[in-house]
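Basis for what follows: all heavy atoms, side chains included, without hydrogens, waters or symmetry-related copies. Throughout, a chain's letter reflects where its sequence line sits, starting with A, and its residues are numbered from 1.
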Amino acid sequence: MARYRPVDPQQSFPQLEEEILRQWRERDVFHESVRRREGADPYVFYEGPPTANGRPGSHHVLGRAFKDVFPRFHTMRGRLVHRKAGWDCHGLAVELEVEEQLGFKSKEDIERFGVAEFNAKCRESVLRYIDEWGRLTERIGFWIDTDEAYFTLESSYIESVWWSLKQVWERGLLYQGHKVVPYCPRCGTALSSHEVAQGYKDVVDPSVYVRFPVKGEEGVSLLGWTTTPWTLLSNAALAVHPDVDYVRARVDGETLIVAAALAEKVLGDGVEIGESVKGSELEGTRYEPPFPYISDYGERGHTVLPADFVTTDDGTGVVHTAVAFGEDDFQLGERYGLTLQNPVRPDGAFDERMGAFAGRWVKEADGDIVEALRESGRLLHAEEYEHSYPHCWRCETPLLYYAKSAWYVRTTAVKDELLAANETVRWYPEHIKHGRFGNWLENNVDWALSRERYWGTPLPVWRSEDGQEVVCVGSMGELRELGAEVPDDLHRPFVDEVTFERNGKTMRRVPDLIDVWWDSGCMPFAQWHAPFENQDRFEERFPANFICEALDQTRGWFYSLLAISTMLFGRASYETVLCLGLILDPEGQKMSKSRGNVVVPWDVIETHGADAFRWYYFTSKQPWDGYRFSLDTVGESVRQFMKPLWNIYYLLVLYANDNDVEPAGLADVELTDLDRWALSRLQATAAVAIDRLEDYDTTGAGRAIAAYVEELSNWYVRRSRRRFWYGDAAAFATLRECLVTVAKLVGPLTPFIADAIYGNLDGAEPSVHLCDYPEPDAALRDDGLELQMQVARDAVKLGHQARAHAALKVRQPLREAVVVAAGRERDAIERFEEVVLEELNVKGVRYVSEADELGRFELKPNYRTLGPRFGRHMPQVAAAVGGLDPERAAATLRDGGQVHVSIDGKDHALGADDVGLVLQPLEGYQVERSGTHAVAVNLEVDEKLHREALAREVVHAVQGARKDAGLDVGDRIHLRLGGDVALLEAVRAHEGYVVGETLADTLELGAAENGTPVQIEGRELRIHIERA
RNA sequence: GGGCGAUUAGCUCAGCUGGUUAGAGCGCGUCUCUGAUAAGGACGAGGUCCCUGGUUCGAGUCCAGGAUCGCCCA
C-alpha cells in the first residue's frame, strides 16, 4: 500500500504550482499564516504601491518576489506580518495613457471632452490593469492582502493626504512661489526632477554669439552667448562674474567685451587684446537689447549685473539673462529687481507682444531668430552645438525652463532632520545610504508639489479672489464646518465647485493637483485613513521594518516616505530598505518595448514556473547589481536546483512505497554515521539560512541550501541507495527528515515545490507555510563527523582521479588503494572505510604514514603565518625553508616538532603551522595528492579481478537490456545468456552477484540463441530476458 | 560636467579582514556510473582578475589616475 502519494519524476513544475495554488485558496493558507501569529511581535512591511498603468513586467516580478520572501520568512520565524496591498492610481502617466486612447494632443482636448468624463476614464484605466496585476501577484506566490488593498484615489485616502498637507501648512512649510521649472508645453505641466531625468537626449541646438552694443560707446559691444536663441527675445540683462577679468578685444574695427580667458577661443588667435577690467567694474553698463519687443524690465533692466554663477568654461563669460527661462536668471532677477516678463504662453508659443514671432512655437522659431539677428547686424557668429537636453519623458517634447507659479514644500527647512532620519535606516546595498541617497538629501531643494493637471489629489487650498484670504483644509469635516458642501468624489472637477464664504469673500480652490509621490509617501497613515480612523493600527504598524523597491525609487518613494514622515512625525518611516537593480537582457541592454527585448513574465511562468523564476532572482546574484536575464537563465534554476531536489524526493517516495515503509521519527531508528552526517549538515545549513535571511541575503541563504541539496543528492543518497532498495528504516527516516526540513528552509524562497514536498512527506500542517522555520538542533550537530566525512570524500575523490588518469574504469575492481594519511586523517578514512572501498571499487585500503612509497615531501613556507611575523625578511625565510632537508624536516614536523632557520644570524623556530608539507608523487605511480594526504591505486589486474570486472560488465549490459525492454525497476526476470565463453565463465564465477543485481529468478547460461547481442571488450554476449 | 556602482574563463557569477596553484555552474571535448537515468561522477581545454602607476616581503583584494559600461544628477 502506498504510504505517500506517488511522485511523477517528470513533474511539470508550472502544473504543480497551479495545484498548490488551489490548495492555498481552499485552505486559506495565507490568511491562516497571519492569523496564527495574532498577538506575536509584529514585523511591519509596507507595500510601495505600483502604478497599475500597463501590464506588469519581469522587473515587477523581481520586486514582488523580494517583497514576498522576507515576510514569509519572518512569519515562519514567529512574527506577525500583515501585508496590505496598495495601488498608486493618480498621475500624469495615467492621464497620458487615456489621452493616447482618446487621441488627445493637448489640455484643450481634455477640457473640451470634459474633466469629469476624462477622470472617469482615468479611474477606469487604472482599475482595468489591477486585475492583471492581481493575477500575476497570486501566480508568483506573492502573498499580500489584495482584498484589503488601499487605493490612492479613494476619498478616505485623499482625506488623509489632505491632513498631511495641513500639518505641513501649519508648520509654515507649504508655500506658493515663483520658480523656474522644467515645463512641458505639450502636457501643460511642470515635471518633477525624476521625470526630467528620464528624458535627457542628445540634440543639436544653435549656438550663437551676439553683440550687445554698449550705450554711448560707438563700436563697442558686450559679446554674449546662448544656445537658446528664442530666449533672446526677452533678454533682460547680462551677467558677468565680478572677479573674472574681461578684455576689450578689437576685431575688424569693432570692440568686443569678453572674458579674457575666452577671447582667443571665441575670436581667434589674431585678436588684438586691449584694456582689461574686472567684471565688477562692468556692473551697471547699459546696452541695447537685441530685440525691441519688451523694454520694461525695471531700473536695472538691460544693464550688466554681477553674478557668481558665471563661468569661463564655455561661451564668452558674458551671460545673456532672460528672467523667466532659467533658474539662475530668475534668482538674479529677484535679487536685482528685474521685472518678470514672460512672453511665452503656457502652450510654448510666443504671445502677441512678440511681433512677427507671436504665436510661434519657441523652439521652431530659433532659426528665424538667428536670421533676424544676422539682418540686424547683432549676430557675430552662429554654429551648431551638440549637448544633452531634457525632453518630456512621455511625449518627447523638448522641455522649457519656465518661470511659473507653483506650490512648494519647504523641505530645505528640515534638511538636517532628513539627514538624521536617514542615519537610522539600514540600506542594502550599504553605499546608497551615504552615496546616492545621502547626496540627494544633501542637495535637497524644496519639493515642487503642485501639478496643473486633472487626475490626482487636489491641493486643498482655498483662496479669495484678491488673494487676501487663504485656507488650507485638512479634512472633509473642516470643509463642512467652513460652510462648504462636500462632494463624495474629491477629484476634479467636483472639488473645484466647492466654495465657501470667509470674511465676506468667496473662497475658491486653487486649481492645482499635487505630485503623486506625495500620495504614495503618505501611505503609512493614509492606507488606514489615519488619523480619522484606525489611528491605533497606524501606530502599531509604524515604522516599517522593511521596504523594498527598485533603485529608481531613491528619489521617488524612498524619498517621499522619508520626507513626509520626517516632517509629520520627526522620524523615518522605515528601518530597512532593500534596493533592487535593473533587469537587462542577455546583452546587458535595458529591456524596453521599443527594443523589443522584453521578457514577458507569463512566458517564464508557463515555461519554468514561478519557483524557478523566484529562485533565479534570489540566488543568481546580489539583487541590486541588476540581472542579465532571459528565459534560458531561469531554466538553469530548474536544472540545477529544483530538478535534483525533486529527484531525491521522487526516490524517497518510490522506495518508501515499494517497501511499505512507515514514516518514522529519528528516535525510533538506529542511525548510521552517514545518517548522522546528513543530519549534522542539515543543522549547519539551517543555521546559515537563518543568518543570511535575517541579513536580507537570499543569495547566501539560497546557495547554502542548494549546496546542501547537492550533498544530499550526490553523497548521502548515492551512498545509501541499497538501503533504500531494501527498506532500511533509518535511511528513510533520515532522508525524510532532511527533505521535510529542506522544504521548510526553502519555503520562503520557492513556496510551491516546498509545499508539495512537505505536504506529501509530512503534512502535519495544512501547509509548510504554517510551520515554524527550522531551528538548528545542536544535539544533531557533529562538527567532528562533518570534518571526517570531508576527509573521506577527499580520499574518494583522489582515488577517482587516480583511476581516471590511469584510464581504469570503476567497474574494474582493484586489489587495493594506498592511502598516505596519519593521525586524524587516517582515523577519518578508517571510520568510513566501507564507503571508500565501495566508491573506489577496491578490495582493501592500505595505509602508509610515511610518504616514501608514494613520493617525497616538499616544504613550503606558510606565508599567512610567517608573513606578519617576518615582514620584509620573508624572502630570506622562504629561502631558508627551501634549504632544509625535506625528509628530516617533514619527519620532525609530522611528529609535532619544530625546525629551525637562521635569519641574519638569529635562530627562529618554525612549527607545523608555519611549514606546509606538499607531497610530490614519485614517477611511475598513479598517485593523486592533496596537501599532505594522497591516494594511489594499485593498477595490477589479475585473472580473478578481470573475471569480476567482466561479471560487472555483464550486469551492466543486462540492466541496459531490462531498461530497453521497458521493465520496472522491481520486476523479476528469467534471464538467459549466451555467447563468448569467457563472459559466461565470469558470470558462472559470480552467479549470485549477477542474479542478485539483475533481479533474475532463473539464470540459464549458453542458451540464448535468439538473444540480443552486445559487445563486451570485443566479445559477444547474447541476452534474453523474460518477465517472470 | 558631477556623484554612485560595476569590470574575474566563451556565458552567468563566487572570491571574508591583502598571503603565493584565482574557483563554481553552464557550454565545449574525452571518459565514466547506472535499480533517481533526457539525471549523476571524473578528467581536460579555456584567465594579461579592464589598463597604468603606487603602497607592501607579498595585490584579484588597498590607494591614485585612466578606459569602458550602467544608474543617478546637471
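- With distances taken from any side-chain atom of Pro875(A) to the nucleotides A36(B), C57(B), G27(B), the minimum falls on C57(B).
- For Trp725(A), counting side-chain heavy atoms from C-beta on, the closest listed nucleotide (C26(B), G35(B), C4(B)) is G35(B).
- In the set C71(B), A14(B), C57(B), the nucleotide with an atom closest to the side chain of Leu582(A) is C71(B).
- The aromatic ring of Tyr650(A) does not sit over the base of A36(B); the criterion of centres under 5.5 Å apart with planes under 30° is not met.
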Subject >> Trp646(A) and Tyr649(A): CA distance, side-chain angles, deciding distance, ring pair (Phe, Tyr, Trp, His ring centres under 6.0 Å) verdict >> reply: CA-CA 5 Å; Trp646(A) 193 261; Tyr649(A) 165 56; 4.9 Å; yes
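- Residue contacts shown for Thr633(A) are absent, as no nucleic acid heavy atom lies under 4.0 Å away.
- Glu710(A) comes within contact range of the sugar-phosphate backbone alone, with a heavy-atom separation under 4.0 Å but no base atom that close.
- Within the nucleic acid shown, Arg869(A) has no heavy atom closer than 4.0 Å to any nucleic acid atom.
- Regarding contacts with the backbone of C13(B), a side-chain N or O of Lys621(A) is found under 4.0 angstrom from either OP1 or OP2.
- Aromatic ring pairs are classed by plane angle as parallel below 30°, tilted from 30° to 60° and perpendicular above 60°; the pair Trp447(A) and Tyr559(A) is tilted.
- Residues Met874(A) and Thr998(A) both approach RNA chain B. Their nearest nucleotides, taken by heavy-atom distance, put Thr998(A) toward the 5′ side.
- Taking the charged nitrogens against the carboxylate oxygens, Asp728(A) and Arg722(A) have no contact shorter than 4.0 Å, which rules out a salt bridge.
- Residue Arg555(A) has its side chain nearest to C73(B) when only C73(B), A14(B), A36(B) are considered.
- Within 4.0 Å of Pro868(A), counting heavy atoms only, lies at least one base atom of the nucleic acid.
- When each of Gln640(A) and Leu866(A) is assigned the nucleotide of RNA chain B with its nearest heavy atom, Leu866(A) is the one assigned upstream, toward the 5' end.
- Candidate nucleotides A14(B), G27(B), G70(B) were compared by shortest atom distance to the side chain of Asp625(A), and A14(B) ranks first.
- With rounding to whole Å, Arg864(A) atom CZ is found 16 Å from U61(B) atom P.
- Residue contacts for Gln10(A): at a heavy-atom cut-off of 4.0 Å it reaches the sugar-phosphate backbone alone, with no base atom in range.
- Counting non-hydrogen atoms under 4.0 angstrom, Arg722(A) reaches nothing in the nucleic acid.
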Original post:
Please, what dot-bracket string fits RNA chain B when only Watson-Crick and G-U pairs with both distances under 3.5 Å count, crossing ones use [ ] and pairs to another strand use |?
Top reply: (((((((..((((.....[...)))).(((((.......))))).....(((((..]....)))))))))))).
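- Protein atom CH2 of Trp440(A) is 12 Å distant from nucleotide atom C1' of A74(B), rounded to whole Å.
- Between Asn647(A) and A39(B) there is no side-chain polar atom (N or O) within less than 4.0 angstrom of OP1 or OP2.
- Note on Ser713(A): a base of the nucleic acid sits closer than 4.0 angstrom, heavy atoms only.
- Of the candidate nucleotides C4(B), G35(B), A14(B), C4(B) has the atom lying nearest to any side-chain atom of Asn439(A).
- Here Arg721(A) reaches the OP1 or OP2 of A36(B): one of its side-chain N or O atoms lies under 4.0 Å away.
- In this structure, His431(A) reaches the sugar-phosphate backbone alone: every heavy-atom distance under 4.0 Å involves primed, P, OP1 or OP2 atoms, never a base.
- The CZ atom of Arg639(A) sits 18 Å away from the P atom of A24(B) (whole-angstrom rounding).
- Residue Lys860(A) has a polar side-chain atom (N or O) positioned under 4.0 Å from OP1 or OP2 of U21(B).
- Protein atom CZ of Arg719(A) is 14 Å distant from nucleotide atom P of G35(B), rounded to whole Å.
- Distances from the side chain of Leu999(A) to the nucleotides C26(B), G40(B), G35(B) place G35(B) closest.
- Glu442(A) comes within 4.0 angstrom of no nucleic acid atom, judged by non-hydrogen atoms across all strands.
- We find that Glu839(A) and Arg793(A) are not joined by a salt bridge, their nearest charged nitrogen and carboxylate oxygen being 4.0 Å or further apart.
- Within the nucleic acid shown, Val877(A) has no heavy atom closer than 4.0 Å to any nucleic acid atom.
- Nucleic acid contact class of Gly996(A) (heavy atoms, under 4.0 Å, all strands): base.
- As rounded to whole Å, 8 Å separates atom P of A36(B) from atom CG of Leu654(A).
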